[in-house]
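Here is the structure we will look at, set down as structure tokens.
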Number of protein chains: 2
Amino acid sequence: MTATIRDVARASGVHVSTVSRTFSAPHLVNAETRNRVLAVAEDLGYRPNRAARALTTGRTHNIGLIVADISNPFFPPLIKAAQAHARTRDYHVFVADTDEDPQVEEELIQTLTKQVDGVLLCSPRLSNRVIERLHADVPFVVVNRRIKGMPTILMDVAQGARLAIEHLTGLGHRRLALAAGPSGSWTSGQMREAAAAAAAASGAELVILGPNAPTEQGGLAVAAEVVASGATGVLTYNDLVAIGLIEGLYERGVRVPDDVSVVGVDDTLSGRLNRPKLTTVAMPTSAAGRIAVDLLLQSVGDGGTSTLTTLETRLVVRESTGEARS
Amino acid sequence: MTATIRDVARASGVHVSTVSRTFSAPHLVNAETRNRVLAVAEDLGYRPNRAARALTTGRTHNIGLIVADISNPFFPPLIKAAQAHARTRDYHVFVADTDEDPQVEEELIQTLTKQVDGVLLCSPRLSNRVIERLHADVPFVVVNRRIKGMPTILMDVAQGARLAIEHLTGLGHRRLALAAGPSGSWTSGQMREAAAAAAAASGAELVILGPNAPTEQGGLAVAAEVVASGATGVLTYNDLVAIGLIEGLYERGVRVPDDVSVVGVDDTLSGRLNRPKLTTVAMPTSAAGRIAVDLLLQSVGDGGTSTLTTLETRLVVRESTGEARS
DNA sequence: TTGAAAGCGCTAACAG
DNA sequence: CTGTTAGCGCTTTCAA
């Protein structure tokens, strides 16, 4: 059905290797010949078969990107940045969703292994041990998880939590709460520690509420506890939780930011669209996507150095926080 | 590095073809031999190279899924449903984002063509002509666009638009606006026609505003025109536009639903979390994802029958619409 | 039930 | 600058 290199060779009266060169090393072929081949190829609708090419070159020019849940608004910016950046390097990105299932994740990695030159693991759910084993077959770059011996990109959640707490105490809030994330989350652990330390340093009280589901439901559910705690400043695991919490407070007649200030994490679209607009800790997701691709292509080239890249976070003050009432 | 079929053959003292059969047609090989081969393979960590296999069989057992914008919350449920369903058929799904760019879309399809057995085109931005040309090289299933000769899944946007307009006129709104989508969008065209017809049938006026970007920015930008039009009931291209529009109206001191009623389309999470909660036309996205995979695998098998599947939509009334003020 | 041989579409030395 | 040859990892006749 589709034209192959041989069809083009035949139709243009040259050997297949000349056709091959026309596409993979054009400068090595006579301009005249090249143009003829190109014309014939165009005419036949010929496209080099990248999979076949990969068989001999060992380079597919594809990279895989694995996420736990594509519908988590945290991921799309990272994915888009990775795709866009990869394209400038003549690479294509295939995204796959593991549905939060480690088994699916492993299977997906195995499948991808031979069809891509490297894999970007974003917030993996697999154990370090399994990841290390799989790593023998394909280069990895890991985002949001520290695994020794692998290029890793971390977003500095601890710093973000600190910024948020300082923002809150700066506004005069003395009684704070943290609506923590799921118990298995590395990120949530980081937040707890950093928030506790920052609160202590400012002489404020901090109660930790949770674990909570990392969703709007989780936020809705924790609202009662927040009210009961008497906190006037709350840091949440992510924007979704913040939005749910604000909704829950609202239903109880508690106004944000008039009565209680709320800070989210991630700076997702949902947060920007919420009313009140969320004050939130922005994660450098796009940068992470770009850098991840660079690291990956680099380790595809040289076999993989283990780098740890930590990206700073940033506090975006919008409407969900305000001064404590005296 | 990775073990090949030859390594396994050597290590287990059989010919490569026997190893091959062990994996692709186990029943054709002696149980004893098979077990030995399997053991050795396991031991060597051998995995058949699917790309190489595809070279001879012509089946990659992958399908491609192309979307215009992965961060549009409309897509994730469709993607997840497609992935989950494909897995039950022993297929994997590779997702790619075109960034709303027809050129990128074409390039992506070309790349994918040889690495997958078929492609799911979701809300393509490419012209029918180009799609038809590309179709010569790989089976397609198209979602949200009618192209003759191709298996197509349509969500009945026309019906949805009708429901929305009738809802609005039923609330007493006589002056309506449609915030249309991008010019390349088939869906947007459907909405225009159906909305115009429904408005006329109810004796209401309808102005069409746009084209607009299918995003929150698009909604924000069209707010001024909506105000200028004097419309009190607005149907938008999708939830994102609705949310942006509500924000834009709010900034101009126009209240929703008190002054103006707004209806979105898609029933996304963002819409459910927005305040006011969006009245919206719910699209059967998960069903579309599942059915799309079935159709695609079917046409991979038999060469592709052209089926038209139309899925019904449903109006979800929430808080962004209310009675017209007399 | 297994082996031998050919070939999928392409690239990569090596000659010429 | 171009043709020859060999081979990437795998499947698939065809014989044995």
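- For the salt bridge (charged side-chain N to carboxylate O under 4.0 Å, His left out) with A:R125, the lone residue among A:E106, A:E100, A:E105 that qualifies is A:E100.
- Counting atom types as modelled, A:R6 pairs no side-chain N or O with a base atom of C:dG7 as donor and acceptor under 3.5 Å.
- Inspection of the A:Q115 and A:N62 side chains reveals no N or O donor paired with an N or O acceptor under 3.5 Å.
- When the C1' atoms of four end pairs are superposed on the next four at each end of the helix from C:dT1-D:dA16 to C:dG16-D:dC1, using five pairs per end, the two resulting axes differ in direction by 40°, to 10°.
- Note: A:L65 CG to A:C122 SG = 4.5 Å, rounded to the nearest 0.5 Å.
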Side chains of residues 37-47 of chain A: which donor-acceptor pairs under 3.5 Å do they make with residues two or more places apart or in other chains?
from: A:R47; atom 1: NE; to: B:Q110; atom 2: OE1; distance (Å): 3.2

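- Taking the side chain of B:R21 as heavy atoms from C-beta on, and the options C:dT2, D:dG3, D:dT11, the nearest nucleotide is C:dT2.
- Near-neighbour residues of DNA chain C inside residues 35-54 of chain A, defined by a heavy atom below 4.0 Å, number-ordered: A:Y46, A:R47, A:P48, A:N49, A:A52, A:R53.
- The phosphate of D:dC10 has neither OP1 nor OP2 within less than 4.0 Å of any side-chain N or O from B:S20.
- Sequence order on DNA chain C of the closest nucleotides to A:F23 and B:V29 puts B:V29 first from the 5' end.
- We find the OG1-CG distance between A:T2 and A:N49 to be 8.5 Å, quoted to the nearest 0.5 Å.
- We find that A:D137 and A:K114 are not joined by a salt bridge, their nearest charged nitrogen and carboxylate oxygen being 4.0 Å or further apart.
- Residue B:T18 has a polar side-chain atom (N or O) positioned under 4.0 Å from OP1 or OP2 of C:dG3.
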Check against side-chain contact (heavy atoms from CB on, under 4.5 Å), A:T18 and A:T33 | CA-CA 9 Å; A:T18 302; A:T33 319; 4.1 Å; yes
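- Where B:L28 and B:T56 each meet DNA chain C at their nearest nucleotide, the meeting point lying more 5' is that of B:L28.
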